[in-house]
Amino acid sequence: MTDTSPVSHNFIRQIVLDERAAGKHGGRVATRFPPEPNGYLHLGHGKSICLNFGIAREFGGSCNLRFDDTNPAKEDVEYVESIKADVRWLGFDWSELRHASDYFEVFYLCAEKLIRDGKAFVCDLSADEVREYRGTLTEPGRNSPFRDRSADENLDLFRRMRAGEFADGAKTLRAKIDMASGNINLRDPALYRIRKVPHQNTGDAWCIYPMYDYAHCISDAVEGITHSLCTLEFEDHRPLYDWCLAQIDLANHPELVQPLVDAGFKTNVSTPRQIEFARGNLDYTVMSKRKLMELVRDGLVAGWDDPRMPTLSGVRRRGFPPAAIRTFWERAGVTKQNSTIEFSVLEGCVREVLDANAPRRFAVLDPLKLVITNLPADHAETLSFPNHPKNEAFGTRSVAFSRELWIEREDFMEVPVKGFHRLVPGGEVRLRGVGIVKCTDVEKDASGNIIAVHCTLDPDTRHGMPGAERKVKGTIHWVSARHAIAAEVRLYDRLFNVVNPDDDSDGKTYRDHLNPDSKRIVRGWLEASFADAEPEAAVQFERLGFFVADRHDHAPGKPVFNRAVTLRDSWAKAAGK
RNA sequence: UGGGCCGUCGCCAAGCGGUAAGGCACCGGGUUUUGAUCCCGGCAUUCGCAGGUUCGAAUCCUGCCGGCCCAGCCA
């Protein structure tokens with residue numbers, strides 16, 4: 001796997017470098033990507049994937065894929081499969097595939113230890129009561145009336161919680177820390193709750209489930225993770241992460257990990273360090289799981305992999321190559337600063353990798369007939385074109401040429417604007433690979449619409465003739481009308497028409513900013529040589545953009561292409577379009 | 001008189017006491033049978049602001065200002 005830009009410096013790489021130099025963890029580097037299987041992965045997850053797998057790869061370490069499945073009410077196997085596929089597509093492979101639920105027995109044993117050590121207690125307060133006791137951001141909380149139960153009583157109660165003797169929500173296991181802490185996460189946070197819900201991985205084996213803060217740190221430690229990378233909002237949770245690991249002290253209590261050994265899992269207990277970095281946001285897009293979920297659920301898009309979605313499966317279907325996503329996140333950097341990257345940076349990465357890797361073809365998406373009047377009606381010839389302007393390895397192809405062609409309607413202007421250097425009445429333009437053509441006539445229907453343009457081809461300028469050197473202002477592409485293959489072409493644009501769809505300060509929500517023109521379907525004409533492309537094959541339709549054969553709908557005899565991105569267009573920009 | 005974090009060019013981002021990298025965007029110019037690609041050049045006397053320490057500060061200290069996160073039995 002080769003990406004186009006060199007790695008840049010960032011604070012996490014620096015920490016890893018420093019710690020290795022200091023001999024921490026014996027120089028070993030182990031990370032993990034820990035998604036909750038409750039939705040599809042998006043570009044933001046892509047950042048975390050590139051970071052975690054990238055750091056591991058860079059330092060010869062390991063990176064696990066771990067499903068953070070501690071809340072069965074929200075999770076589903078559909079998501080675990082899509083997540084695995086997306087990580088692989090992005091170009092990464094995990095060292096070990098794990099589930100937090102693989103460790104449920106360990107979590108349980110650790111909880112009993114906490115109880116025996118007087119560090120946790122079973123609390124009978126209801127959710128509402130807990131909230132009241134918690135205090136506020138500026139006022140301390142109060143101790144739960146159940147905080148001083150004996151270890152024996154707590155142990156008994158906790159075992160009965162596991163046995164299913166109590167109703168959902170009736171009791172929780174809470175850490176005994178400090179109800180007056182300025183950090184609300186330390187005000188006796190819940191460690192376990194009762195949920196009589198079947199679990200996606202463990203079925204009905206459990207009715208108590210661990211909370212994130214409790215499960216995550218132990219999972220990391222048990223997997224031997226050295227650097228636990230997560231996003232900024234967990235900064236406040238780090239003291240709890242460290243507290244749990246310090247109290248449990250896995251390193252000196254191997255019996256707590258025995259269930260894993262018995263189950264055949266490799267373990268290598270570590271004291272991981274949590275490091276937080278900023279999420280990656282993109283302008284003109286929403287990235288929250290909730291909003292993406294709503295777009296899908298409410299049919300505002302065609303599914304999780306709609307090419308307009310910022311999901312990994314969406315950009316994949318759109319035709320963004322995985323190398324472009326990797327380059328993008330490398331280029332964006334990793335810091336603790338909240339930021340929103342311009343979408344054009346991503347598009348630039350897409351163009352960069354596609355320019356080097358996509359063969360060229362001709363296609364006309366908004367056809368206007370062009371008739372070469374000085375060619376016989378049955379004129380037929382085959383022209384040869386290189387498939388890539390800068391890379392001969394792409395080879396050449398044959399393209400049928402005849403008297404009647406399709407050209408892009410946009411490439412002809414009866415009344416040209418200043419600076420327009422394509423075809424105009426009486427003017428000349430080069431037909432790519434053919435020669436220079438002069439417009440002699442414009443054919444219109446009864447209502448004045450232009451039906452066709454008539455041209456004469458200057459034989460001295462045919463490709464290969466000395467006269468072909470003659471300069472003309474413009475070159476346009478074409479496709480032989482008689483030979484062209486019809487294809488469905490989907491033209492995508494940004495899903496939202498405002499820079500920050502999340503901003504609802506004006507009373508409008510992201511739904512009010514959906515771009516009605518984000519998807520346009522047209523029938524285009526393709527030169528025959530690409531109609532049988534494989535699904536997901538990338539191509540540049542010259543002068544139009546980079547396209548991809550649709551992953552699901554494209555088939556031999558039924559070509560369907562998605563536009564990934566247009567070519568940079570300084571003319572469109574100059575013309576103020 | 002809650003806690004945590006962050007402020008370097010339009011957008012990202014290096015920089016770690018020795019006198020502001022790079023990318024994207026933008027503006028010029030060159031090459032070009034894709035108005036693409038490619039190539040050259042330009043683009044922060046200044047690092048949120050104000051003081052202080054120092055021969056020297058984006059880098060250290062103090063105080064302001066601005067922004068983000070936290071009161072799920074979510075992750």
Side-chain angles (χ1 to χ4, degrees), chain A residues 5-6 8-10 14 34-36 38 68 70-71 73-74 123 125-127 130-131 134-141 168-174 180-187 189-195 209 211-213 215-216 230-239 276 278 280 283 289 330-349 351-352 355-356 360 362 388-390 419-422 430-436 461 463 468-477 540-545 566-575:
Chain A
S5 47
S8 61
H9 192 79
N10 68 51
Q14 189 58 52
E36 181 186 17
N38 68 345
D68 220 332
T70 55
N71 186 353
K74 294 186 172 183
C123 183
L125 254 24
S126 70
V130 167
R131 194 174 310 119
R134 187 155 33 224
T136 69
L137 292 179
T138 54
E139 303 157 17
D168 282 16
K171 286 179 166 43
T172 56
L173 180 72
R174 291 225 262 161
S181 173
N183 182 343
I184 291 182
N185 294 299
L186 265 22
R187 318 241 266 227
L191 265 23
Y192 267 93
R193 75 285 217 185
I194 301 170
R195 283 284 175 282
Y209 291 95
M211 299 293 292
Y212 166 85
D213 290 299
H216 203 86
C230 64
T231 42
L232 252 28
E233 68 272 25
F234 292 104
E235 231 155 3
D236 285 346
H237 296 237
R238 191 178 349 122
E276 312 83 14
D283 61 5
K289 269 188 189 173
E330 185 56 46
R331 211 164 267 187
V334 181
T335 69
K336 300 191 71 153
Q337 266 180 93
N338 289 312
S339 64
T340 301
I341 306 160
E342 292 174 340
F343 202 85
S344 62
V345 179
L346 212 205
E347 288 183 328
C349 294
R351 291 192 183 105
E352 195 172 298
D355 182 66
R360 313 287 125 122
F362 292 156
H388 192 106
K390 292 179 296 191
F420 184 80
H421 48 235
R422 274 108 93 153
R430 183 184 304 278
L431 289 180
R432 180 102 223 263
V434 174
I436 296 172
T461 63
H463 193 71
E469 301 300 311
R470 211 181 105 208
K471 300 294 180 196
V472 277
K473 289 178 302 182
T475 299
I476 65 175
H477 61 96
Q540 180 194 103
F541 288 146
E542 287 201 22
R543 302 210 307 132
L544 297 176
T566 61
L567 257 28
R568 205 173 259 108
D569 189 347
S570 57
W571 164 244
K573 197 189 300 172

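Chain naming here is simple, since letters A, B, ... match the order of the sequence lines and numbering starts at 1 in each. The figures here come from the full heavy-atom set of this structure, side chains too, leaving out hydrogens, waters and symmetry mates.
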With sequence neighbours excluded, what pairs up with [X] under the side chain to side chain contact (heavy atoms under 4.5 Å, CB included) test?
X        : answer
A:Arg568 : A:Arg351
A:Glu342 : A:Asp283, A:Ser344, A:Val345
A:Asn183 : A:Ser181, A:Asn185, A:Leu186, A:Asp236, A:Pro239
A:Ala356 : none

Check the pair A:Arg543, A:Arg432 against side chain to side chain contact (heavy atoms under 4.5 Å, CB included), reporting the backbone distance first and the verdict last. CA-CA 11 Å; A:Arg543 302 210 307 132; A:Arg432 180 102 223 263; over 6 Å; no

Would you say [N] has OP1 or OP2 under 4.0 Å from some side-chain N or O of [X]?
X        : N     : answer
A:Arg187 : B:G72 : no
A:His9   : B:G15 : yes
A:Gln337 : B:G67 : no
A:Arg193 : B:G72 : no

Residues in side-chain hydrogen bond (donor to acceptor under 3.5 Å, both in side chains) with [X], at least two apart?
X        : value
A:Asp355 : A:Arg360, A:Lys390
A:Gln14  : A:His9, A:Asp18
A:Glu347 : none

Could you check A:Asn338 against A:Thr70 and say which one's nearest nucleotide on RNA chain B is further toward the 5' end?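 Per heavy-atom nearest nucleotide, the more 5' residue is A:Asn338.
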
Sugar-phosphate means primed atoms, P, OP1 and OP2; the rest is base. With that split, encode nucleotides 39-44 of chain B 5' to 3' as B, S or - using protein heavy atoms under 4.0 Å. ------

What one-letter contact string describes nucleotides 23-34 of chain B from 5' to 3', where B marks a base within less than 4.0 Å of any protein heavy atom, S marks contact via sugar-phosphate atoms alone, and - marks no contact? SSSS------BB

What interatomic distance, in whole Å, is found between [atom1] of [M] and the corresponding atom of [N]?
N     : M     : atom1 : value
B:C38 : B:U31 : C1'   : 8 Å
B:U19 : B:C68 : C1'   : 33 Å
B:A14 : B:A21 : C1'   : 6 Å
B:A36 : B:C27 : P     : 12 Å
B:G48 : B:G66 : C1'   : 7 Å
B:G23 : B:A57 : C1'   : 27 Å
B:G10 : B:C73 : C1'   : 46 Å
B:G4  : B:U45 : P     : 36 Å

Checking A:Glu233 against A:Thr231 for the side chain to side chain donor-acceptor pair (under 3.5 Å) test, could you report, in this order, the C-alpha distance in whole Å, the side-chain angles of both residues, the deciding distance, and whether it holds? CA-CA 6 Å; A:Glu233 68 272 25; A:Thr231 42; 3.0 Å; yes

Please list residues of residues 230-239 of chain A whose heavy atoms come under 4.0 Å from any atom in RNA chain B, ordered by number; otherwise none.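 Nucleic-acid contacts, sorted: A:Glu233, A:Phe234, A:Glu235, A:Asp236, A:His237.
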
Heavy-atom closest pair, residues A:Ala468 and A:His463: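 Looking at all heavy atoms of both residues, the shortest contact is CB-CA, 4.4 Å.
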
How should the glycosidic conformation of B:G10 be described, syn or anti, under the criterion that syn lies within 90° of 0?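 Here the answer is anti: the torsion falls beyond 90° from 0.
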
Base, sugar-phosphate or nothing for [X]? Non-hydrogen atoms, less than 4.0 Å.
X        : result
A:Ser181 : nothing
A:Thr172 : base
A:Ala127 : base
A:Phe343 : nothing
A:Gly474 : nothing
A:Leu186 : nothing
A:His421 : base
A:Thr136 : base

Partners meeting salt bridge (charged side-chain N to carboxylate O under 4.0 Å, His left out) with A:Arg193 (sequence neighbours left out):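 In terms of salt bridge (charged side-chain N to carboxylate O under 4.0 Å, His left out), with neighbours along the sequence ignored, A:Arg193 is linked to no residue.
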
Going by the rule salt bridge (charged side-chain N to carboxylate O under 4.0 Å, His left out), which residues pair with A:Glu36 if we only count those two or more places apart in sequence or in a different chain?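 With neighbours one apart ignored, the set is empty.
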
Please report the distance, rounded to the nearest Å, between [atom1] in [X] and [atom2] in [N].
X        : N     : atom1 : atom2 : answer
A:Leu346 : B:C11 : CG    : P     : 18 Å
A:Glu347 : B:C12 : CD    : P     : 17 Å
A:Ile184 : B:C70 : CD1   : P     : 11 Å
A:Asp213 : B:C70 : CG    : P     : 13 Å
A:Lys74  : B:C74 : NZ    : P     : 7 Å
A:Lys336 : B:A13 : NZ    : C1'   : 17 Å
A:Tyr209 : B:A75 : OH    : C1'   : 16 Å

Between A:His477 and A:Phe362, how do the two ring planes meet: parallel, tilted or perpendicular, split at 30° and 60°?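 Plane angle between 30° and 60°, so tilted.
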
Using a 5.5 Å cut-off between ring centres and planes within 30 degrees, is A:Tyr212 stacked on the base of B:A75?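 So A:Tyr212 does not count as stacking on the base.
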
Could you tell me which nucleotide pairs with B:A20 by Watson-Crick or G-U wobble geometry, both distances under 3.5 Å, or answer none if nothing does?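 WC or wobble partner does not exist here.
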
If we call it a pair only when both distances are under 3.5 Å in a Watson-Crick or G-U wobble match, what pairs with B:G2?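 B:G2 is paired, partner B:C70.
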
Would a 4.5 Å heavy-atom cut-off, applied to side chains only, mark A:Leu431 and A:Ile476 as touching?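 Sidechains of A:Ile476 and A:Leu431: in contact.
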
